[in-house]
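Here's the structure, in C-alpha cells; my notes come after.
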Amino acid sequence: MQASGLTPNGITHAVLMGGLCRSGQIDKAMTILQNCEEKGLRFDIIIYNILINGLFEAGRHSSAVEIFSSLPTKNVQPNVRTYNFMLKGLCKSGLPVEAIELLTRMEENGICPNEFSYNTMIEGLLDNDDIAKAMHYVNVMKVKVKHNSGRDLHLRARCSGWWRESSMSYWSQTLSFGI
C-alpha cells in the first residue's frame with residue numbers, strides 16, 4: 001500500500017489489527033501499534049478495543065490491563081465497549097474481584113454499564129462459583145438497566161451448578177423480567 005504512495009488510515013489499521021488478532025497473530029498487531037505510535041500516529045479507542053480483546057483472547061490479561069491502563073496517557077477515553085472487553089477478559093481470566101473493582105471505576109468515570117456489562121459480570125461470577133454476588137448483580141441490573149429484556153439471563157443458569165442450587169430463585173428473577 002505504501003509502495004503505491006497510499007497511506008493507511010485508522011480504518012485500515014483497525015481492519016489489519018483485527019484480522020491479526022483473530023488469526024492469533026497478536027504480536028504482529030502489537031508491533032504495528034508500537035511502530036505507528038513511534039511515528040507519532042494517534043489511534044482512537046476502536047484500535048485499543050481490538051487489541052485489548054485480542055490480548056484477552058490470547059490469554060495475555062496482563063498486557064491487556066497494561067494497554068487499558070495506558071489509555072489516559074494517550075489521551076484516549078475508554079468507552080462502554082472498552083470496559084465490557086475488560087470485564088469479560090478479567091472474568092474469563094479468573095479475576096472476578098478485579099472485574100468488580102473495574103465495574104465500580106467504570107461508573108465513577110461516568111460510563112454507564114449496560115446489559116452486556118452486567119450479564120458479563122453475572123456470567124463471570126457464576127463461572128467463578130460466586131452465586132451470591134451474581135445474584136447481587138442480577139438485582140443491580142434490574143434497577144439500573146431499565147430496558148433490559150432479560151433474554152440472556154436464562155443462559156446463566158448453566159454456570160456453576162446454579163440451576164441445581166437455586167432454580168426457584170432463578171425462575172423468580174426471570175419472571176420479574178417478564179419472560
Side-chain angles (χ1 to χ4, degrees), residues 10 14 17-18 20-22 24 26-27 29-30 33-34 37 42-162 166 170 173 177:
M17 289 184 196
L20 289 169
C21 289
R22 283 188 301 280
I26 191 73
D27 289 327
M30 293 298 295
L33 175 71
Q34 290 167 346
E37 287 180 339
R42 298 180 143 237
F43 292 116
D44 63 16
I45 193 60
I46 294 169
I47 295 288
Y48 295 104
N49 285 347
I50 290 167
L51 292 172
I52 288 168
N53 188 50
L55 286 163
F56 275 121
E57 292 294 321
R60 295 170 53 182
H61 74 270
S62 296
S63 296
V65 170
E66 187 177 310
I67 286 190
F68 178 80
S69 298
S70 75
L71 293 177
T73 65
K74 300 171 192 288
N75 292 319
V76 176
Q77 295 300 314
N79 59 24
V80 69
R81 278 185 70 95
T82 315
Y83 280 99
N84 287 344
F85 284 132
M86 290 294 297
L87 293 171
K88 177 182 167 191
L90 290 169
C91 285
K92 285 193 173 200
S93 297
L95 302 167
V97 171
E98 289 82 350
I100 291 169
E101 291 169 359
L102 183 64
L103 184 65
T104 301
R105 280 190 309 186
M106 178 182 183
E107 292 182 280
E108 289 170 354
N109 291 334
I111 306 294
C112 295
N114 60 19
E115 182 176 354
F116 184 79
S117 310
Y118 288 114
N119 279 321
T120 298
M121 288 300 305
I122 293 164
E123 184 173 14
L125 290 165
L126 289 170
D127 285 345
N128 286 281
D129 298 321
D130 196 337
I131 295 168
K133 283 186 184 153
M135 290 304 297
H136 166 75
Y137 283 105
V138 167
N139 293 323
V140 169
M141 182 171 62
K142 282 176 32 181
V143 171
K144 291 191 174 187
V145 183
K146 301 292 184 203
H147 66 280
N148 178 28
S149 65
R151 67 179 175 263
D152 293 332
L153 189 58
H154 71 280
L155 298 175
R156 308 304 173 239
R158 65 168 174 74
C159 301
S160 302
W162 188 35
S166 54
Y170 162 74
Q173 295 292 330
F177 281 116

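As a basis for the values below, the full set of heavy atoms in this structure was taken, side chains included, without hydrogen atoms, waters or symmetry mates.
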Check your understanding: Is there a donor-acceptor pair under 3.5 Å between the side chain of Asn114 and the backbone N or O of Phe116?
Key -> yes
Check your understanding: Does Asn128 reach the main-chain N or O of Asp130 with its side chain, forming a donor-acceptor pair under 3.5 Å?
Key ->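 Between the backbone of Asp130 and the side chain of Asn128 there is no qualifying donor-acceptor contact (under 3.5 Å).
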Between [Y] and [X], is there a side-chain heavy-atom distance shorter than 4.5 Å?
| X | Y | value |
| --- | --- | --- |
| Tyr118 | Val140 | yes |
| Val76 | Phe43 | no |
| Leu71 | Thr82 | yes |
| Asn75 | Arg42 | yes |
| Asn84 | Thr120 | no |
| Val80 | Ser117 | yes |

Review point. How are the rings of Phe56 and His61 set relative to one another: parallel (under 30°), tilted (30 to 60°) or perpendicular (over 60°)?
Key: parallel
Practice item. Would you check, one step at a time, whether the test side-chain contact (heavy atoms from CB on, under 4.5 Å) holds for Met141 with Asn119? Key: CA-CA 8 Å; Met141 182 171 62; Asn119 279 321; 3.7 Å; yes
Which atoms form the tightest heavy-atom contact between [X] and [Y], and what is the distance?
| X | Y | result |
| --- | --- | --- |
| Ala29 | Leu51 | CB-CD2, 3.7 Å |
| Met86 | Ile52 | SD-CG2, 3.6 Å |
| Pro96 | Leu125 | CB-CD2, 3.8 Å |
| Asp44 | Tyr48 | O-CD1, 3.3 Å |
| Tyr83 | Arg105 | OH-O, 4.5 Å |
| Ala58 | Ile26 | CB-CG2, 4.2 Å |

Quick one: pull up [atom1] in [X] and [atom2] in [Y] and give me the separation to the nearest 0.5 Å.
| X | Y | atom1 | atom2 | value |
| --- | --- | --- | --- | --- |
| Ile122 | Lys133 | CD1 | NZ | 14.5 Å |
| Cys21 | Asn53 | SG | CG | 8.0 Å |
| Lys88 | Leu90 | NZ | CG | 12.5 Å |
| Ile100 | Leu87 | CD1 | CG | 10.0 Å |
| Met106 | Leu103 | CE | CG | 6.5 Å |

Review point. Quick check: are there more than 12 heavy atoms from other residues, nucleotides or ligands sitting under 6.0 Å from CZ of Arg60?
Key: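 Above 12, so yes.
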Check your understanding: Got a sec: does the CD1 of Ile45 have more than 12 other heavy atoms crowding it under 6.0 Å?
Key ->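 Result for CD1/Ile45: enclosed.
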Check your understanding: Should Met30 and Ile67 be marked as a side-chain contact (heavy atoms from CB on, under 4.5 Å) after you check the CA-CA gap, both sets of side-chain angles, and the distance that decides it?
Key -> CA-CA 10 Å; Met30 293 298 295; Ile67 286 190; 3.5 Å; yes
